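Below is one structure, written out as structure tokens; the observations come after it.
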Amino acid sequence: MDDDSPTEMIEQEPAIGETELVALLQDQERLAVSYRSSELAEEQRLALEYYDAMPFGDEEKGRSQVVSPDVAEAVDYMTISILRTVVSGDRVVEFEARDEGQEEAAENATEAVNYQFMRGQDGYKVLTDWLQSGLIEKIGVVKTCARKEMKKRKERLAQVSEDVLVSLMGEPGLKVTAATPDEMGGYTIEVETEREQTCFEDITIPSEEFLFSARLRDVDDIGYKAHRVLKTKSELIAMGFDRDEVEDLAGEGTRYDNDPRSTARWEDEGNVPVSSMPGMETVWLMEEYANIDMNGDGVAELVQVFRVDNTILSVSEVEENPFVVFTPFPRAHRMVGNSLADKVMDIQRVRSVILRQTLDGIYLTNNPRMWLPKECETENTIDDLLTVRPGGIVRGSGAGGQPMPLNEPFDVQRGMAMLQYLAGEQESRTGITRLNQGLDADSLNKTATGTALMQAQGQQFEEFIARNFAEAMSRLFVKKLRLMIDAGDPVAVRVDGSYRSVDPKEWTPDMDVSIRVGLGSGRKDQRLAYRSQLLQMQQIGLEAGLCSPKHIAGNMFGWIRDASLGNPNDYWQDPEEPGYQPQQQQPDPKMIETQQKAQTEQAKLQITAQTAQAKAANDQAKIMLQAQQGAAKMQA
């Protein structure tokens with residue numbers, strides 16, 4: 001799956017020669033769906049033209065030529081809605097460990113893959129292009145790859161002795177670019193280091209550049225897949241291909257070919273001549289994936305072939321292809337489903353026709369055709385009638401007649417009623433209603449329950465497409481995970497404002513993947529409300545021993561991320577950080593005062609009770625003494 005560097009050649013002697021391999025691949029290229037002459041290519045071209053609200057080709061001069069942009073409105077609304085659902089949360093895709101003890105590795109993999117996708121590149125641009133392509137052209141294609149590149153770093157060192165300077169000048173991979181003597185007898189030097197680094201990249205592929213076998217059910221099924229892209233010879237040499245072999249390739253004359261989709265995509269620019277500067281000649285590079293028995297053992301292996309016309313640049317065996325396909329409305333047993341544009345294109349056509357006829361009717365009503373008697377016509381009369389301006393003069397002759405307007409009946413209400421009907425039809429097909437857009441002024445007159453039900457009905461389409469897009473993202477992230485494991489380089493990720501290094505070698509490629517969008521809980525305001533309700537339940541659960549401070553901290557950290565308030569560590573302390581000590585809750589001063597008064601009163605009551613007990617005992621002793629004395633007197 002390496003896009004920019006050829007992998008190792010197949011070790012065994014191939015059973016298929018280069019000429020035979022070229023013939024097989026060229027035949028597969030010719031038969032591939034999505035090629036320029038296929039029915040799919042024509043449908044995709046038409047969808048692109050409808051999105052740009054291009055004329056239909058049957059316009060008449062002097063008549064209305066307006067085009068209703070229904071496809072663009074539906075696609076743009078759905079793009080904004082789905083992207084808000086996908087990128088508003090802290091995570092879209094999460095990896096889950098299958099074995100006990102791998103939870104930390106799964107957590108690190110989730111952070112690293114999400115970080116590499118969104119921050120290691122322009123991830124938002126990748127998502128936008130990928131989603132919009134699927135909504136317009138039935139499928140959106142992304143290729144994930146890893147490439148090696150040399151990274152240079154400059155550093156300034158002060159007070160370096162001459163011996164150290166000499167040793168640095170002989171250090172491999174290090175270059176001394178400047179050395180200036182200082183006042184202390186040493187040198188201030190600038191050094192440049194160069195090291196190899198693995199870069200992970202996700203590339204959105206235009207539909208005219210992606211080729212695949214007919215009747216393919218899934219992009220990972222057995223079959224032919226290829227990326228046909230225009231490259232300069234300098235780029236091919238930088239990818240690691242043999243320089244002499246690349247320079248012998250025949251170049252192309254223009255930057256773009258005559259594919260109808262490319263023509264529709266770049267219609268505002270046209271063909272751009274290629275620069276004649278050395279090394280900037282362009283060629284069509286075919287990155288092909290096909291199942292071929294290269295070693296003659298009877299089992300077809302998946303091979304990656306880089307080819308330019310009849311020249312094979314490299315052949316290598318790979319485990320899987322790098323492509324991921326998204327389709328907004330999947331069809332059973334087919335890789336290519338339906339697009340959102342398919343549901344709106346016919347409505348755009350009909351609405352445009354009705355709008356044109358309505359406007360033409362208004363034009364004719366305000367500027368009707370004229371009945372011109374022959375006897376009043378001069379050489380200027382027709383020109384004066386065709387020149388429409390307020391207070392204009394029509395020159396004629398004789399008194400036998402004058403130009404008379406031909407009043408034609410025109411009912412604008414019928415056209416408006418038809419447009420209203422088509423608007424409702426579009427809402428039922430796409431789920432994009434004036435209610436969930438906040439555009440229906442009459443919704444204030446409806447009941448709250450009815451309005452909520454209509455909004456929920458419209459959001460079903462958004463949730464369905466969001467779930468399909470998230471599933472495609474999960475397949476992309478799984479392939480990206482395997483690439484990072486194969487590369488094995490430590491990855492620095494930023495988690496909650498601090499950087500840490502994770503080792504992909506500790507991950508397992510068979511982790512489970514969970515999706516966190518597309519089920520009605522992906523919107524930011526909904527998640528914030530759910531987290532607030534959950535926090536109240538967690539407080540009760542903490543007293544009952546059903547949750548711990550770690551669980552509450554996870555919810556509070558997620559609340560800060562969803563609210564886009566910055567680093568959660570600026571607001572909360574992580575209970576798992578070293579040195580964390582839960583602070584004892586400080587009692588209320590009024591409560592302390594009340595408790596002290598109660599204790600004082602209790603002490604007074606105890607003293608009073610003790611005094612009463614002592615007095616009663618004293619009185620009892622006196623009575624017993626008097627009784628004893630009385631008894632003694634009686635005896636005497």
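Numbering of residues begins at 1 and proceeds along the displayed sequence. Computed from a prediction, not measured in an experiment: that's the story for all the values here.
Taking the six-membered ring where tryptophan is involved, the planes of Phe477 and Phe117 are tilted, since the angle between them lies from 30° to 60°.
Of the candidates Ser207, Pro206, Ser34, Glu137 forms a side-chain contact (heavy atoms from CB on, under 4.5 Å) with just one, namely Ser207. Of the candidates Lys480, Arg147, Lys143, Glu201 forms a side-chain hydrogen bond (donor to acceptor under 3.5 Å, both in side chains) with just one, namely Arg147. Screening Asp202, Asp486, Asp220 against Lys479 for a salt bridge (Lys or Arg N to Asp or Glu O under 4.0 Å) leaves a single residue, Asp220.
Side-chain N/O atoms of Asn291 and Glu301 include no donor and acceptor closer than 3.5 Å. Side chain to side chain, Asn321 and Gln304 fail the donor-acceptor criterion of an N or O pair below 3.5 Å. Counting only N and O atoms by type, the side chains of Thr79 and Asp76 include no donor and acceptor under 3.5 Å apart.
Shown here is Leu31, whose CG atom has more than 12 heavy atoms of other residues, nucleotides or ligands within 6.0 Å. Within 6.0 Å of the CD atom in Glu190, the count of heavy atoms belonging to other residues, nucleotides or ligands exceeds 12.
Taking every heavy atom of both residues into account, Leu211 and Ala32 meet most closely at CB-CB, 3.8 Å.
Asp99 pairs by the side chain to side chain contact (heavy atoms under 4.5 Å, CB included) definition with Gln102, not counting sequence neighbours.
With Asp129 contributing its side chain and Val126 its backbone, the two residues share no donor-acceptor pair below 3.5 Å. Not a single donor-acceptor pair under 3.5 Å links the side chain of Asp27 to the backbone N or O of Ala23. Between the side chain of Thr327 and the backbone N or O of Gly337 there is at least one donor-acceptor pair closer than 3.5 Å.
For the pair Glu320 and Arg482, the salt-bridge criterion is met [side-chain N within less than 4.0 Å of a carboxylate O].
Taking the six-membered ring for Trp, Tyr224 and Tyr289 have ring centres at least 6.0 Å apart. Here Trp507 and Phe95 keep their ring centres 6.0 angstrom or further from each other.
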Practice prompt. Start with the C-alpha gap between Glu506 and Asn108, add the side-chain angles, then the distance that decides, and say whether side-chain hydrogen bond (donor to acceptor under 3.5 Å, both in side chains) holds.
Written response: CA-CA 10 Å; Glu506 299 177 354; Asn108 292 335; 5.2 Å; no

